[in-house]
Structures are given as C-alpha cells and as structure tokens.
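We name chains A, B, ... by the order of the sequence lines, and we start the count at 1 in each one. Given the structure is predicted, the values throughout are model-derived calculations rather than measurements.
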Amino acid sequence: MKSLTIKRWAWVHKWSSLVCTAFMLLLCLTGLPLIFHHEIGVLTGTDVAAPAMPANTPRISLDKVIETARAEQPGRVVQYLSQDADDENIWFATMTPTPAPTDDYRSVAIDARTGAVLAQPRFDEGFMWVMFKLHVDLFAGQPGMLFLGGMGLLLLVAIVSGVVLYAPFMRKLEFGTVRRAPQRNRIKWLDLHNLLGIVTLTWLFVVGATGMINTWADLLIKYWQYDQLTAVLAPYQGKPVVPVAERASLQRSFEVAEARVPDTRISFIAFPGTAYSSPHHHTFFMRGKEPFTARLLKPVMVDAKSAEITAAPPLPWYVTALLISQPLHFGDYGGMGMKIVWALLDIASILVLGSGLYLWLRKGQPAPSVVPEDRAAVMPAEVSA
Amino acid sequence: MSRRGHHHHHRPRPVAIWTWPIWLAVISAAGLVMGLFSDGGLGDAVGDLLLAVPVVIGLWFGWLRRAPGRQQRS
C-alpha cells in the first residue's frame, strides 16, 4: 500500500474513532449489565414469576385481563398487552395516560390463568433503568437514539479503516505478536490494539451494525405504516380512535387473529391508537414457534369494533431486518454461555477502545526503534501525526 | 528486526497476514448465526464455543503465552 493511501486511511481511522470513542465506551460499559438484565432481575427480586400449575390449566378471558389492568391503574389506558417471553402464563399490560408513545408508563403483570395481579414492576427506575436509558437514548428520546445511531455508524467506519490499516501494521509481524520491552509501553499497546481489534472484529461489527439499525426502529415502523397501511386504512379516514366502550371483545378478536395464522403464539397486542396499531384496530403480533421464526412477527389487524380481520400484512424486508438485528445486538438468543462470551467480547472491545485512545494520547512520544526501515509502512499512526 | 529468535527470519507474505483474521471472522460469524437457528441443546453449545474462539485467541496471544513459568518469547 502506498504511504499516501495509508495516511488517508489513518486519518479516517483516527477521526472516526476519536469522535465516537467516548460514546462507545459508555455503550460498552452500560451494555455490560444489560446483557444480564434477566439474571439481575431475578437476583434483585424485580423479576416476575407465576406460580406453578398443571400445564393444561385453563386461561381466563383477555377481556378480564385488561379489566383487571384498568382497575389497577385507573386513569390510564392499555397500550400493549404482551406475553412474557419465557413464561406464557404472565401477561404484561403497559398502562399510559394516553395511547401516544411516552416514558410515563406502569406495568401490571397478570396471571393468565387466575387473573391475579402478580406484580406491578417498575421498569422506569433504579440502576438498570439508568443503564438502559444511557445505552438507548442518553435520556434524550428519539434525537438521542438517532445520535447514538450516528456514533454507531462512525464505529463501523473506524472498524473498516482499522482493518485496512491492519495489513501495513502487521506486514513484518507474525499474527498475535505483542512486543514487550521496558519503556516500550506504547508498542505493547499498539500490538494489543491490533490483536484485540482483529479478534473482536466480526462481533463488534455485527453488534455495532445491529445496534445502529435498532436506533431506527421507530422510524422503520412509521415508514412501514405509511408505506403499507395507508391503503388498508383508507376506509377509516377521519374517524377518531375507537372509544373503549365501543370496542369488541378482546378475547374474540384474539381467537379470530389466532385462527388466521395457525402455528403461532402471541407476542403482543397493540391497542387502538398506539404506535404499533391504527386508531381503529387491535393489532395482534403473532410469532412462530421455531427458534428462528419465533424472532419474526406476523401482524394481524382486527377491526376494534367488529372483531373482523381487516388485514394481515406481510412484514417488509426492512422490518424483518430490524427484528433479526435485535437478538444479534442483545446476545439473548443463546443460553448463559453466550451471555458470558458476549460480556468477554464486550470487555475486549473496551480494551480496544481504551488502547486506541491511549495510543492517540501518547503519540507525541519518540518513535520506537523496533521498526527501523520503512517506518511509514509499519507505523501509519506516526505518519499521520 | 527479528527479536523472536533465529528461526523467525521470514516475513509473513500478504496472504499470510490475513489467514488468522479470515478464520477468526468465519468462526465468529458461524457462532453468531448458529444460535439464531437453535433453541438450547447442541446447536447453542457449539455456537457458544465458536464465539468463544476469538476470546481465547486474544487471551492466549495477548497475555497467556508469556505467563510466568513459560519461556519468554519476546
């Protein structure tokens, strides 16, 4: 590679990293406890569990479930009713002042068989909530989320440019060489930066890219609604959100939706007027039963008044991509082993970021004598100084 | 140049530079994908092992290779 080319890539690597490093360190640190949010919830007692009952215990009507939720949180509306991913016997009702998206919500966990209120866990306070908000949107809502997405894009640029620079750096070195000598701390960390950078490459690229895609979730859903639901909703134009009193039985609507897409189970129900539905529908998001299809959702829009199916639109490719991005970012699709590996790779990434910063801060140091000839090719960072 | 002993005089050729990174990338990607298509059991275990390979390689070359009691290599 020509030294001018290396210089340019080094410039790209330096600036893309410098701009995003502080935020990436924050994301790596806050992401670490989030990997184990389930285990932490169990330990701290915020995790909700349903009592054991025979497998074929009948379930109560969904109308009863939302009635209970409304009674627990008077003055609030049901936005979503979702089924615990690990336990089908628990419904979580998300209660908010209005159907509009908000951070002001309460959760009511209801036993699907007895209708008993199991807990009203607060997901909007405490250590894990702070970690979550810092990780997702820096407490700045949609703009904060998109900002972090932009930082994610810079991370991807830094990774690509880092890979390009790997070749000239390693031209004279065997894989995994770490040169250790007294007074040569910078060289040691340069080698470790290269080593850890190249071993975490695929994981960090995937986690970075899927994290960036996740920041576009709201925009993708909005575009989807605009793109595909406009025609479906044309007959309803100008009508207000269906009032609770005029809504058909939720249980019947659910049965109608279930019959439409056999071999699925419910993931969540979006109520009329919420971000994931229309003003005139209960939208049932069904998921498959296989490991992979369980990640994909099949929406069924059921008219909130008549309980008849209006549409069951197929997921467009970009929503499918979004849904597959989520597990690949969270690392929650394997078992405990995967979570531990996820955490170790996260720590390795922190070392890559930290060593990169260190190398930049210590750049003024005299060039090491370990690489006498053709310095430009071996020490691109020096060239860009 | 060679600080690693007389039998390391050769320099890695351009292709050789990428041998390890390409294998690591393939193994990591396989580990990431495998878990998506399995639910517990062998698939998940194999996926975890594949994904752990980069961690082990990083630890080995970065630190363990020169652990006390071993011959100093650098």
Would you name the heavy atoms of [X] and [Y] that are closest together and state the gap between them?
{"X": "A/Tyr166", "Y": "B/Pro21", "value": "CE2-CG, 3.7 Å"}
{"X": "A/Leu196", "Y": "B/Gly58", "value": "CD2-CA, 4.3 Å"}
{"X": "A/Leu195", "Y": "B/Gly62", "value": "CD2-N, 3.4 Å"}

By a 4.5 Å heavy-atom criterion (distance strictly below it), what part of B/Asp48 contacts chain A: side chain, backbone, both, or neither?
both
Less than 4.5 Å apart, side chain to side chain, heavy atoms only: is that true for B/Leu24 and A/Thr202?
no
So do the side chains of B/Trp63 and A/Leu192 get within less than 4.5 Å of each other, counting heavy atoms only?
yes
Just verifying a value: how many Å separate [X] [atom1] and [Y] [atom2], rounded to the nearest 0.5 Å?
{"X": "A/Thr200", "Y": "B/Ile57", "atom1": "OG1", "atom2": "CD1", "value": "13.0 Å"}
{"X": "B/Leu51", "Y": "A/Leu344", "atom1": "CG", "atom2": "CG", "value": "10.0 Å"}
{"X": "B/Leu36", "Y": "A/Ile324", "atom1": "CG", "atom2": "CD1", "value": "7.0 Å"}
{"X": "B/Ile17", "Y": "A/Glu174", "atom1": "CD1", "atom2": "CD", "value": "11.0 Å"}
{"X": "B/Leu32", "Y": "A/Tyr333", "atom1": "CG", "atom2": "OH", "value": "4.5 Å"}

Leading residue by heavy atom contact count with chain B [cutoff under 4.5 Å; candidates A/Ile347, A/Leu351, A/Asp191, A/Val163]
A/Val163
Interface residue of largest heavy-atom contact number with chain B, from A/Thr293, A/Val341, A/Val206, under 4.5 Å
A/Val341
Can you label the angle between the B/Phe37 ring and the A/Phe292 ring as parallel, tilted or perpendicular, going by 30° and 60°?
parallel
Run through B/Trp60, B/Trp23, B/Trp20 and flag the one making a ring-ring contact (aromatic ring centres under 6.0 Å, His included) with A/Phe175.
B/Trp20
